[in-house]
Trainee: 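Got a structure for you, questions after.
Treat the numbers as computed from the prediction; the structure is a model and nothing was measured. For the single chain, residues carry numbers from 1 onward in sequence order.
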Amino acid sequence: REEFLYWFDVDSWYPLGRFVGHTVYPGLMFTSVALHKALKFLLLPLDIKHICVFIAPFFSTITTFCTYAITKEIAEQEEAGLLAAMFIAVIPSYLSRSVAGSYDNEAISITQLMLTFYFFIKACKTGSYIYASLCALAYSYLVASWGGYSFVIAFIPVFVLATLITKMYNTKIYLAYSVFYVIGCFWAMQTKFVEFKVWHTSEHLGSHFVFVLVQGKLVYDHLS
């Protein structure tokens, strides 16, 4: 990890060079190495190049299951989940990012995005600290892998705000969002390319505002 974070690449942005670990999202590279070491431990010494080639199809399989689970959880119908899984399996925009050899951030990030939404939905429905924590960890993994994490940190607060406006807000949603926000922000800051952007960039402002809002509502409900 330290070798990657402080790797100074003199070949790109010549002649100035750059610190690679501080200027890229490291999730894809770390995932590739972790899979390589795990397979080696299981006595399956697959070459790292082969892992890089097939990592996108592998994660796209998980994405299909996640899409099924999310849709089934929302619609409460297995048929709807199967139909959604079929769509994600054939949609051209995702196929272009999940074919063998597509070694880009989206190769693993779409899976993480779907996992984040799935665990958040489960946390809102059950009020479980475990699901809320898993949601935050999946989000943190997404932050380390793709700049598109801003879609998640923008959408979830909007959902929570909508439940407040429509009077559908409850303690389960409060727990889900509070755990997601606190743990998610903390672990997101561990990515060198993000760090304190969590606190001052525009895409995060909505999440901060909604967090203050739900804490204020909690205090108001206790006093009233």
Trainee: Assess whether side-chain contact (heavy atoms from CB on, under 4.5 Å) is satisfied between F30 and S145, documenting all intermediate values.
Mentor: CA-CA 9 Å; F30 280 16; S145 305; over 6 Å; no
Trainee: Check whether Q190 reaches the backbone of F186 with its side chain - one donor and one acceptor, N or O, closer than 3.5 Å.
Mentor: yes
Trainee: Kindly indicate whether the side chain of K217, heavy atoms from C-beta on, has any atom under 4.5 Å from the side chain of L164.
Mentor: yes
Trainee: Crowded around K37 NZ? As in, over 12 foreign heavy atoms under 6.0 Å?
Mentor: no
Trainee: To the nearest 0.5 Å, tell me how far T191 OG1 sits from K197 NZ.
Mentor: 10.5 Å
Trainee: Are W187 and V143 close enough that some pair of their side-chain heavy atoms sits under 4.5 Å apart?
Mentor: no
Trainee: Assess the residue pair T61 and F65 against the criterion (side-chain contact (heavy atoms from CB on, under 4.5 Å)); give the C-alpha distance rounded to whole Å, side-chain angles, the decisive distance to 0.1 Å, and a yes or no.
Mentor: CA-CA 7 Å; T61 304; F65 283 110; 3.9 Å; yes
Trainee: Run the side-chain contact (heavy atoms from CB on, under 4.5 Å) check on S109 and F59 step by step: do they pass?
Mentor: CA-CA 9 Å; S109 300; F59 272 85; over 6 Å; no
Trainee: To the nearest 0.5 Å, what is the distance between OG1 on T163 and CD1 on I173?
Mentor: 4.0 Å
Trainee: Side chains of Y181 and S207: closer than 4.5 Å at any heavy-atom pair?
Mentor: yes
Trainee: Would you say the side-chain atoms of K192 pair up with the backbone N or O of P26, donor to acceptor, closer than 3.5 Å?
Mentor: no
Trainee: So do V219 and Q215 actually touch side chain to side chain, heavy atoms under 4.5 Å?
Mentor: no
Trainee: F155 versus F117: any side-chain heavy-atom pair under 4.5 Å?
Mentor: yes
Trainee: Taking the side chain as C-beta and beyond, is there a heavy-atom pair between M29 and V24 under 4.5 Å?
Mentor: yes
Trainee: When the ring centroid of F120 is compared with that of Y139, is the distance short of 6.0 Å?
Mentor: no
Trainee: Could you go through the side chain to side chain donor-acceptor pair (under 3.5 Å) check for Q77 and T71 one step at a time?
Mentor: CA-CA 8 Å; Q77 291 183 345; T71 309; over 6 Å; no
Trainee: Indicate the atoms forming the closest heavy-atom contact of G184 with A136, along with that distance.
Mentor: N-CB, 3.7 Å
Trainee: Looking at S140 and I183, what are the two nearest heavy atoms and their distance?
Mentor: OG-O, 4.3 Å
Trainee: How many angstroms lie between CD1 in I70 and CD1 in I121, if you round to the nearest 0.5 Å?
Mentor: 5.5 Å
Trainee: For the backbone of I51 and the side chain of H36, can you confirm whether one donor and one acceptor N or O come within less than 3.5 Å of each other?
Mentor: no
Trainee: Counting distance only, does the side-chain N/O of S178 pair as donor-acceptor with the main-chain N or O of L175 below 3.5 Å?
Mentor: no
Trainee: With the 4.5 Å side-chain cut-off for hydrophobic clustering, are Y25 and L142 part of the same group?
Mentor: yes
Trainee: For residues S60 and T111, report the shortest heavy-atom separation together with the two atoms involved.
Mentor: N-OG1, 4.4 Å
Trainee: For the residue pair L95 and A89, what are the closest heavy atoms and their distance?
Mentor: CD2-O, 3.5 Å
Trainee: Any luck finding a side-chain donor-acceptor pair between E106 and Y94 under 3.5 Å?
Mentor: no
Trainee: Might you confirm whether atom CD1 of I130 has over 12 heavy atoms from other residues, nucleotides or ligands at distances under 6.0 Å?
Mentor: no
Trainee: Would a 4.5 Å heavy-atom cut-off, applied to side chains only, mark I108 and Q112 as touching?
Mentor: yes
Trainee: Look up atom OG1 in T63 and atom CG in L115, then write down how far apart they are to the nearest 0.5 Å.
Mentor: 7.5 Å
Trainee: Does one side chain, of T116 or Y149, offer a donor that lies under 3.5 Å from an acceptor on the other?
Mentor: no
Trainee: Indicate the atoms forming the closest heavy-atom contact of A123 with A176, along with that distance.
Mentor: CB-CB, 3.6 Å
Trainee: Could you go step by step and tell me if T67 and F87 meet the side-chain contact (heavy atoms from CB on, under 4.5 Å) rule?
Mentor: CA-CA 9 Å; T67 305; F87 283 137; over 6 Å; no
Trainee: Check the surroundings of atom OH in Y131: do more than 12 heavy atoms from other residues, nucleotides or ligands lie under 6.0 Å from it?
Mentor: no
Trainee: Is the distance between the ring centroids of H204 and F209 under 6.0 Å?
Mentor: no
Trainee: Got a second to check how far C52's SG is from L28's CG, nearest 0.5 Å?
Mentor: 7.5 Å
Trainee: Less than 3.5 Å apart, any donor N or O on the side chain of S32 or Y103 sitting next to an acceptor on the other?
Mentor: yes
Trainee: Is M114 reachable from I88 through a run of I, L, V, M, F, W or Y residues, each pair having side-chain heavy atoms under 4.5 Å apart?
Mentor: yes
Trainee: Distance to the ring centre below 6.0 angstrom and angle to the axis at most 45 degrees; does that hold for K172 and Y169?
Mentor: no
Trainee: Please determine whether the number of non-hydrogen atoms from other residues, nucleotides or ligands lying under 6.0 Å from atom CZ of F151 exceeds 12.
Mentor: no
Trainee: So, the side chain of T126 versus the backbone of S128: is there a donor-acceptor pair under 3.5 Å, distance only?
Mentor: yes
Trainee: Treating Ile, Leu, Val, Met, Phe, Trp and Tyr as nodes and any side-chain heavy-atom pair under 4.5 angstrom as an edge, say whether Y68 and F119 lie in one connected cluster.
Mentor: no
Trainee: State yes or no: do L161 and I153 share one hydrophobic cluster built from I, L, V, M, F, W and Y residues joined by side-chain heavy-atom distances below 4.5 Å, directly or via other members?
Mentor: yes
Trainee: Within a strict 4.5 Å, meaning less than it, do heavy atoms of the P157 and Y177 side chains meet?
Mentor: yes
Trainee: Shared ILVMFWY cluster between V158 and V214, side chains joined below 4.5 angstrom?
Mentor: no
